[in-house]
Amino acid sequence: MTRKKSNDSFLQTMSSSTDEQFPINFKALEEKASTLLSKGAFGYIQSGAGGEETLQKNTSSFSKLSIVPRFLNDVSTVDTSITLFGRTYPQPFLLAPVGMLKLAHEDAEIAAAKAAAEYGIPYIQSTVSSYSIEQIAAETGTSPKWFQLYWSNNKEISYNMVRRAEKAGYEAIVLTVDTVMLGWREEDLRNQFSPLKLGLGKANYETDDVFLAGLPNKEEETIIQGIVDNIHHPTLNWADVAELKKRTSLPILLKGILHPDDALLAIQNGIDGIIVSNHGGRQLDGVVSSIDALPAIVNAVNKQIPVLLDSGIRRGADIIKAIALGADAVCIGRPYVYGLAAGGQLGVEKVIDGFIQETSISMALTGVAKAQDLRNVTIVNS
Ligand SMILES: Cc1cc2nc3c(=O)[nH]c(=O)nc-3n(C[C@H](O)[C@H](O)[C@H](O)COP(=O)(O)O)c2cc1C
Ligand SMILES: CCCCCCC(=O)C(=O)O
């Protein structure tokens, strides 16, 4: 797939960032989305678990970190590319797995995956998507895609979904470990809103032979109840992780790691990468922000496997901070979902384009010409 835009030219950068139609930053985009979506849908996307301490911390922790730039380096050409699992990607960010995107737009994951494909950015598809693995693969061809796995109570369903992703050309499996059950989400309780129960996350299940074989019939209600029964998986443990590793040749990342000892256990169990994440503050409220958890994990991992980070990335400078503190790349969640709500595929592209431009400018102003050199940047608490 040809790349739509690159960040090679600052002139191009300046001209497209003056677009007045589209919100310029996260705050404006969130406000725009709130006017476009139903109360239930917006609340589901925006809110965090419990008293939202962690949701707040995810951004305030970034604000407490400051970049100490260096000058008088030639930054006329900025190379934002990174390498993960032997593949080079043009930007240091990926689109995080976000389920049930019909919440935001009818084109849902197809729009998000196509937007990512335009820029060569890996799109991580959620298990609980509104479109199936095969539909997304058919729409996006060979563009980089990873598959996020929600463990199933029936392990054979998990193995089958991984096989389907492998067959469809996905490049990695992301096993989310922090969602063995849904967090305590008060906004959804207030709104009596469950997109899972509305059937917005059923595409990968209703197309899965192993899942369907376990149901008494294929009626919509039965399928949705089957998903609800399957998706809570409190028994998930390290032996399951080790077994999954044996069942695929794709790299496996664990998403939701916050403790250095879990990072070390991941390595011991043959895992290929981790995503330091608190699920955007949507699971256990009161947990550490991802960016505060990162340094100890990076130290423990000691470059044995890639360490990615999500939760709270809102602008280019956040990406600089995360990579300077040792992340190999970051994932972006809510910003692109709001872009999807505001403008479908084009809206996601605008969000991606904004991140590309701001990251490139931030790198240059930090005095760094290559993403791999961001690790040498000094970050202070202030
Ligand atoms: C509406 C919504 C749905 C999500 N669905 C999933 C999912 O299906 N699987 C998953 O691993 N993470 C899911 N996440 C978490 C994201 O992958 C990511 O960890 C989080 O959004 C990052 O934080 P940010 O939104 O602050 O960027 C979801 C997040 C949101 C906002
Ligand atoms: C028990 C898992 C349901 C997850 C639904 C999607 C998701 O991850 C979210 O944060 O919402």
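Treat the numbers as computed from the prediction; the structure is a model and nothing was measured. In this chain, numbering begins with 1 at the start of the sequence shown. Indexing begins at 1, ligand by ligand and atom by atom, following the structure's order.
For ligand 2 and Arg282, the ligand atoms under 4.0 Å from any heavy atom of the residue are 9 (C), 10 (O), 11 (O). Close approach to Thr176 involves these atoms of ligand 1, each under 4.0 Å from a residue heavy atom: 10 (C), 11 (O). Using a 4.0 Å cut-off to heavy atoms of Asp310, the atoms of ligand 1 that qualify are 18 (C), 19 (O), 22 (C).
With distances taken over non-hydrogen atoms, the option nearest atom 1 (C) of ligand 2 out of His232, Gln148, Arg185 is His232. Within the set Gly333, Pro97, Ala41, Gly280, the minimum heavy-atom distance to atom 28 (C) of ligand 1 is found for Pro97.
Between His233 and ligand 2 there is no heavy-atom distance shorter than 4.0 Å.
With a heavy-atom cut-off of 4.0 Å, Met100 does not touch ligand 1 at all. Looking at Gln125 against ligand 1, nothing comes within 4.0 Å, counting heavy atoms.
Taking the six-membered ring for Trp and the full ring otherwise, Phe355 and Tyr336 have centroids separated by 6.0 Å or more.
For Asn237 (side chain) and Thr235 (main-chain N/O), a donor-acceptor pair under 3.5 Å exists by modelled atom type.
With a 6.0 Å cutoff to the six-membered ring centre and a 45° limit on the axis angle, Lys32 does not count as a cation-pi contact of Phe22.
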Starting from the C-alpha separation in whole Å, work towards a yes-or-no answer on side-chain hydrogen bond (donor to acceptor under 3.5 Å, both in side chains) for Asp209 and Asn160. CA-CA 8 Å; Asp209 293 345; Asn160 200 41; 5.8 Å; no
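Looking only at protein heavy atoms, the nearest one to atom 11 (O) of ligand 2 is Tyr44 OH, 2.4 Å.
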